[in-house]
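To start, the structure under review is shown below, and the notes come after it.
Remember, it's 1-based here, ligands and their atoms both numbered in the order they're listed.
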Amino acid sequence: WAKGLGKGTVKVYQSVMTESRLSTLTMESALRDAIKAGQIKAYLQPKVDIRHGRVVGAEVLARWIMPDGQSISPDIFIALAEDTGLIEPLTQSIMLSACEALQQIKPLVTSSFKLAVNISARQLINDNLCADLKAIIDGSNLSANHFELELTETALIDVNLGTLATFKLAGFTLALDDFGTGYSSLSYLNKLPVDTLKIDKSFITSIPGEPSSCNLTRSIIKIADDLGCDVVAEGVETAQQLQFLVDEKCAYAQGFLYSKPLPITEFVDYLRANQQRNKKGSQ
Ligand code: C2E
Ligand code: MG
Ligand code: MG
Ligand code: MG
């Protein structure tokens with residue numbers, strides 16, 4: 001949530017959208033116009049290697065920036081985009097911004113740096129999704145190897161495994177987002193060509209106070225290890241949470257403790273400062 005847009009405003013948007021069909025249509029056309037006008041911006045949240053504090057990638061998060069500078073949360077407009085089919089042009093626009101961001105970032109980082117883009121469940125039924133995303137990346141002279149796609153556990157319950165194989169063949173890696181909140185069995189997980197598990201922030205939030213969250217987080221780190229996956233803790237806000245993750249040998253973290261999602265130029269500044277600090281640290 002950007003500053004300046006209070007809870008009251010959120011409530012207004014929410015009630016406008018749920019209570020009135022007419023307003024949903026108004027919001028839908030406003031969103032369509034916003035996508036066309038480039039008002040849906042890609043913000044980047046650093047993903048950090050916990051051991052050295054180095055930024056190794058970022059998650060791309062959509063923000064609807066209104067002409068007056070106010071920002072609308074994806075929690076409000078992503079559902080609308082999903083329900084109206086606008087999620088496809090929205091994702092294409094976000095992927096294009098992600099490519100522009102990567103052009104700026106690439107000279108500063110090693111080839112293992114990745115941007116993670118969120119994909120909605122209902123997009124997985126589109127047979128052209130992979131080709132469409134690849135075309136945007138090719139058009140920017142970049143490689144899909146620099147991109148991870150974040151899918152939720154629930155999105156994968158009925159997924160065609162061939163669809164996931166297509167993404168992998170194209171060079172993308174795959175992350176399971178909000179992991180621990182869905183219902184996938186371990187044997188099913190083992191069949192999925194997933195590279196990364198992202199521990200849901202609802203568990204991280206209640207560390208270290210809540211024993212069950214601590215235990216579940218430990219279990220997910222172990223599952224990731226057993227599956228040969230990377231593991232990322234999301235929503236890390238406090239030094240105590242980070243210390244727990246260090247002790248449990250969780251490899252990566254994202255969260256406000258490091259940084260909130262940033263506009264691209266601010267992310268580049270953050271990255272430069274992070275690299276300066278690491279250089280000094282290793283001298
Ligand atoms: P997500 O993919 O699980 O993203 C993580 C959310 O946690 C983001 O919320 C991020 O800003 C927030 N977050 C990160 N660190 C912290 C922290 O330390 N504390 C707290 N309280 N929150 C933290 P955001 O940006 O509002 O996005 C919400 C959700 O909207 C995302 O959840 C994702 O499911 C969806 N979303 C965002 N952008 C896109 C997009 O481009 N496409 C699709 N399909 N979905 C998107
Ligand atoms: Mg995500
Ligand atoms: Mg998540
Ligand atoms: Mg989420």
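- Considering backbone and side-chain N/O of Ala62, one or more are found under 3.5 Å from N/O of ligand 1.
- For the pair Ser112 and Val56, the minimum side-chain heavy-atom distance is 4.5 Å or more.
- Close contacts of ligand 1 with Ser120, meaning ligand atoms under 4.0 Å from a residue heavy atom, involve 44 (N).
- Not a single heavy atom of Lys198 sits closer than 4.0 Å to an atom of ligand 1.
- Listed by number with element, the atoms of ligand 1 under 4.0 angstrom from any heavy atom of Pro261 are 11 (O).
- At a threshold of 4.5 Å between non-hydrogen side-chain atoms, the residues Ile65 and Ser71 count as touching.
- Checked by distance only, ligand 1 and Arg63 come closer than 3.5 Å through their nitrogen or oxygen atoms.
- No side-chain heavy atom of Leu151 sits under 4.5 Å from any side-chain heavy atom of Val194.
- Ligand 1 is never approached by Gln254 to a heavy-atom distance shorter than 4.0 Å.
- Not close to ligand 1: Glu82, with no non-hydrogen atom less than 4.0 angstrom away.
- At least one heavy atom of Asp178 sits closer than 4.0 Å to an atom of ligand 1.
- Side-chain contact annotation: Glu82 with Ser120, donor-acceptor N/O pair under 3.5 Å present.
- Distances from the Mg ion (ligand 3) to the N/O/S atoms of Asp178 are shortest for OD1.
- Side chain of Gln241 to backbone of Ile204: a donor-acceptor contact under 3.5 angstrom is found.
- Under 3.5 Å, the side chains of Gln39 and Asp33 contain no donor-acceptor pair of N or O atoms.
- Checking side-chain atoms of Gln123 against main-chain N and O of Leu129 turns up no donor-acceptor pair under 3.5 Å.
- Under 4.0 angstrom from ligand 1, the non-hydrogen atoms of Lys201 all belong to its side chain.
- In summary, the atoms of ligand 1 found under 4.0 Å from a heavy atom of Asp75, numbered by their order in the structure, are 28 (C), 29 (C).
- Under a 4.0 Å criterion applied to the non-hydrogen atoms of Glu59, ligand 1 contributes the atoms 1 (P), 2 (O), 4 (O).
- At least one N/O/S atom of Asp177, whether from backbone or side chain, sits less than 2.8 Å from the Mg ion (ligand 2).
- Near Glu234, meaning under 4.0 Å from any of its heavy atoms, are these atoms of ligand 1: 3 (O).
- In the vicinity of Gly255, heavy-atom distances shorter than 4.0 Å reach the ligand 1 atoms 15 (N), 18 (O).
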Can you list the steps and then say if Glu248 with Arg218 is a salt bridge (Lys or Arg N to Asp or Glu O under 4.0 Å)? CA-CA 7 Å; Glu248 298 302 330; Arg218 255 185 223 113; 3.0 Å; yes

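- Side chain of Lys41 to backbone of Gly38: a donor-acceptor contact under 3.5 angstrom is found.
- For the Mg ion (ligand 2), the nearest N, O or S atom contributed by Glu150 is named OE1.
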Test side chain to side chain contact (heavy atoms under 4.5 Å, CB included) applied to Val268 and Leu262, step by step: CA-CA 9 Å; Val268 170; Leu262 300 168; over 6 Å; no

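- Residue Phe256 has at least one nitrogen or oxygen atom sitting less than 3.5 Å from a nitrogen or oxygen atom of ligand 1, judged on distance alone.
- Of the heavy atoms in Val236, only backbone atoms (N, CA, C, O) come closer than 4.0 Å to ligand 1.
- By the 4.5 Å heavy-atom criterion applied to side chains, Ile157 and Glu153 are not counted as neighbours.
- Within Glu59, the N, O or S atom lying nearest to the Mg ion (ligand 2) carries the name OE2.
- Taking a cut-off of under 4.0 Å to the non-hydrogen atoms of Asp177, the atoms of ligand 1 that pass are 1 (P), 2 (O), 3 (O).
- The ligand atoms of ligand 1 that sit less than 4.0 angstrom from a heavy atom of Glu237 are 17 (C), 18 (O), 19 (N), 20 (C), 21 (N).
- Contacts with ligand 1 closer than 4.0 Å are made by side-chain heavy atoms of Ile78 only, the backbone lying farther away.
- Remark: ligand 1 and Thr91 share no N or O pair separated by less than 3.5 Å (distance only, no angle test).
- You'll find the side chain of Glu88 reaches within 4.5 Å of the side chain of Asn126, heavy atoms only.
- Contact record, Ala224 with Asp230: CB-O, 4.2 Å, taken as the closest heavy-atom pair.
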Would you check, one step at a time, whether the test side chain to side chain contact (heavy atoms under 4.5 Å, CB included) holds for Leu90 with Trp64? CA-CA 11 Å; Leu90 187 148; Trp64 181 350; over 6 Å; no

